[in-house]
*Asks:* 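Mind looking over this structure? Questions follow.
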Amino acid sequence: MTRHAQTTAIVTGAGHGIGRAIARKLASEGAAVAVAEINEATGRETVDLLRQAGARAHFVRTDIADAASVQAAFDEAAEQLGPITLLVNNAAFTAAGDLKGMTLEAWHNEVDVNLNGTYHCIRAIVPAMRQRGGGAIVNISSVNGLRYFGNPSYSAAKAGITNLTLSVASEFGRDGIRCNAVCPGSVRTENITWAIRQQKDPQVFQKLARWYPLGRVAEPEDVAKAVAFLGSDEASYITGAVLPVDGGLTAGMNVMIDEFILESRND
Ligand SMILES: NC(=O)c1ccc[n+]([C@@H]2O[C@H](COP(=O)([O-])OP(=O)(O)OC[C@H]3O[C@@H](n4cnc5c(N)ncnc54)[C@H](O)[C@@H]3O)[C@@H](O)[C@H]2O)c1
């Protein structure tokens, strides 16, 4: 597929997990991809993978929590690959915790990286996109930004990202900029949170599957497919959308219905 033959993308946090899958998907459809990562080793690894597959790719080191480092990295990406037409705000982390155990520092860290970092990236790209007459932005939010699933500081930041998506879509639509968000449920990655949970319980993804109407957790590629669509001209009239990519998790309360509303079930 060459849907992204004219795309030059920046994908933040593309050294691992979902970000790497997004970078590979966009590259497989013809995009040139800048991998913007805090981790130089994994970021360069992704660039090697993309180049081996025949794509144009470039590594830029950045910490999205630092606005100056984001601007420098994005300027370098545009110098190396050409004007950026698609930004995917994927980099994020969670230390996972609850409000009772929350330290002030932990709260600030998660909001700084996840919400403020996303804002820094948008701020760094919008002027150039406006000047060129448009562009697309896809923010990776989470079901945690829609409902309570634990991780309150991460969730507050993700809810902020979904609302920021609406602001960008509304304010810059006339400049030809589209901005959308995807909200994944559980995705089978080896990020630090899942690694710890899997260590405690190797069956964690299988156990989670029963909460999902589609009967499984997501693979990183499930998210990448949605991002590739929203970032492409096929979504040319879609902006301000907040799209759950969650196998139906937020559609209803299946497990509760199975347990309590037995009389209405016919299967
Ligand atoms: N895995 C899931 O179940 C899940 C579910 C919903 C949403 N998400 C979201 O998907 C995105 C990717 O998640 P993942 O599971 O692939 O995570 P991951 O930890 O595997 O990858 C995140 C990447 O971001 C990079 N990163 C972290 N902080 C950064 C910073 N300050 N500056 C630049 N890069 C930074 C990391 O080095 C890493 O390569 C995140 O936005 C996450 O919140 C994940």
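Being a predicted model, the structure only gives us computed values, none of them experimental. Reckoned from all heavy atoms, side chains included, excluding hydrogens, waters and symmetry mates. Start at 1 and go down the list; that is how both ligands and their atoms are numbered.
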*Asks:* Thinking salt bridges, do Asp222 and Arg216 make one under a 4.0 Å N-O criterion?
*Replies:* yes

*Asks:* With no hydrogens and no angle check, just 3.5 Å: does a side-chain donor-acceptor pair link Arg147 and Thr250?
*Replies:* no

*Asks:* So if I count the atoms of ligand 1 from 1 in the order they appear, which ones are less than 4.0 Å from some heavy atom of Val113?
*Replies:* 31 (N)

*Asks:* Should you measure from each heavy atom of Asp63, which atoms of ligand 1 turn up under 4.0 Å away?
*Replies:* 30 (C), 31 (N), 32 (N)

*Asks:* Closer than 4.0 Å to some heavy atom of Thr62 - which atoms of ligand 1 meet that?
*Replies:* 32 (N), 33 (C)

*Asks:* Identify, for atom 8 (N) of ligand 1, the protein heavy atom at the shortest distance, and state residue, atom and that distance.
*Replies:* Tyr154 OH, 3.6 Å

*Asks:* Using modelled atom types only, decide if a donor and an acceptor are shared between the side chain of Thr62 and the backbone of Ala36 within a distance under 3.5 Å.
*Replies:* no

*Asks:* Please determine whether any non-hydrogen atom of Ile140 lies less than 4.0 Å from an atom of ligand 1.
*Replies:* yes

*Asks:* Report yes or no: does Cys183 have a heavy atom closer than 4.0 Å to ligand 1?
*Replies:* no

*Asks:* For atom 44 (C) of ligand 1, what is the nearest protein heavy atom, given as residue, atom name and distance?
*Replies:* Ile18 CD1, 3.5 Å

*Asks:* Restricting to salt bridge (Lys or Arg N to Asp or Glu O under 4.0 Å), what partner residues turn up for Arg51, sequence neighbours left out?
*Replies:* none

*Asks:* For ligand 1, is there an N or O atom under 3.5 Å from any N or O atom of Lys158?
*Replies:* yes

*Asks:* Out of all atoms in ligand 1, which are within 4.0 Å of some heavy atom of Ser142? Include the element for each.
*Replies:* 6 (C), 7 (C)

*Asks:* List the closest protein heavy-atom neighbour of atom 20 (O) of ligand 1: residue, atom name, distance to the nearest 0.1 Å.
*Replies:* His16 ND1, 2.5 Å

*Asks:* Is it the side chain, the backbone, both or neither of Ile38 that has a heavy atom closer than 4.0 Å to ligand 1?
*Replies:* both

*Asks:* Give the contacting part of Ile64 toward ligand 1: side chain, backbone, both or neither, where contact means a heavy-atom distance below 4.0 Å.
*Replies:* both

*Asks:* Pull out every atom of ligand 1 sitting under 4.0 Å from any heavy atom of Trp194, numbered as shown with elements.
*Replies:* 1 (N), 2 (C), 3 (O)

*Asks:* Just to be sure I read this right, does ligand 1 sit under 4.0 Å from the backbone of Glu190, its side chain, both, or neither, counting only heavy atoms?
*Replies:* neither

*Asks:* Return the closest protein heavy atom for atom 5 (C) of ligand 1 as residue, atom name and distance.
*Replies:* Gly185 O, 2.9 Å

*Asks:* Is a side-chain donor-acceptor pair under 3.5 Å present for Asn139 with Asn89?
*Replies:* yes

*Asks:* So, are Lys225 and Glu221 salt-bridged, with charged N and O less than 4.0 Å apart?
*Replies:* no

*Asks:* What part of Ser141, side chain, backbone, both or neither, has a heavy atom within less than 4.0 angstrom of ligand 1?
*Replies:* backbone

*Asks:* Looking at Glu37, which atoms of ligand 1 are within less than 4.0 Å of one of its heavy atoms?
*Replies:* 23 (C), 24 (O), 25 (C), 36 (C), 37 (O), 38 (C), 39 (O)

*Asks:* Quick test of your reading of the model: are Arg3 and Glu234 salt-bridged, counting only N-O distances below 4.0 Å?
*Replies:* yes

*Asks:* Suppose I only count heavy atoms of Ser186 and a 4.0 Å limit; which atoms of ligand 1 are within that range?
*Replies:* 3 (O)

*Asks:* Please list, in number order, the atoms of ligand 1 under 4.0 Å from a heavy atom of Ala92.
*Replies:* 22 (C), 27 (C), 40 (C), 41 (O), 43 (O)

*Asks:* Please identify each residue that fulfils salt bridge (Lys or Arg N to Asp or Glu O under 4.0 Å) with Asp75, with sequence neighbours left out.
*Replies:* none

*Asks:* Measure the distance from atom 41 (O) of ligand 1 to every protein heavy atom, then report the residue, atom name and distance (to 0.1 Å) of the closest one.
*Replies:* Asn90 O, 2.7 Å

*Asks:* When rounded to the nearest 0.5 angstrom, what distance separates CG in Leu249 from CG in Leu214?
*Replies:* 10.5 Å

*Asks:* Provide, to 0.1 Å, the distance between atom 24 (O) of ligand 1 and the closest protein heavy atom, together with that atom's residue and name.
*Replies:* Gly13 CA, 3.4 Å

*Asks:* Do Phe229 and Leu243 come within less than 4.5 Å of each other through their side chains, counting heavy atoms only?
*Replies:* no

*Asks:* Quick check: Asn191 and ligand 1, any N/O pair under 3.5 Å apart?
*Replies:* yes

*Asks:* Counting only nitrogen or oxygen atoms and a 3.5 angstrom limit, does Ala36 reach ligand 1?
*Replies:* no

*Asks:* Below 3.5 angstrom, do we get any N/O pair linking Thr42 and ligand 1?
*Replies:* no

*Asks:* Can you find a side-chain donor-acceptor pair between His58 and Glu76 that sits under 3.5 Å?
*Replies:* yes

*Asks:* More than 12 heavy atoms of other residues, nucleotides or ligands under 6.0 Å from CG of Asp48: is that the case?
*Replies:* yes

*Asks:* Check whether any N or O atom of Val187, backbone or side chain, sits under 3.5 Å from an N or O atom of ligand 1, and answer yes or no.
*Replies:* yes

*Asks:* Around atom 1 (N) of ligand 1, find the nearest protein heavy atom and jot down its residue, atom name and distance.
*Replies:* Thr189 OG1, 3.3 Å

*Asks:* Might you confirm whether atom CD of Glu219 has over 12 heavy atoms from other residues, nucleotides or ligands at distances under 6.0 Å?
*Replies:* yes

*Asks:* Below 4.5 Å, heavy atoms only, C-beta onward: do Thr42 and Thr46 meet side chain to side chain?
*Replies:* no

*Asks:* Will you find, in the side chains of Thr193 and Thr94, an N or O donor that is under 3.5 Å from an N or O acceptor?
*Replies:* no

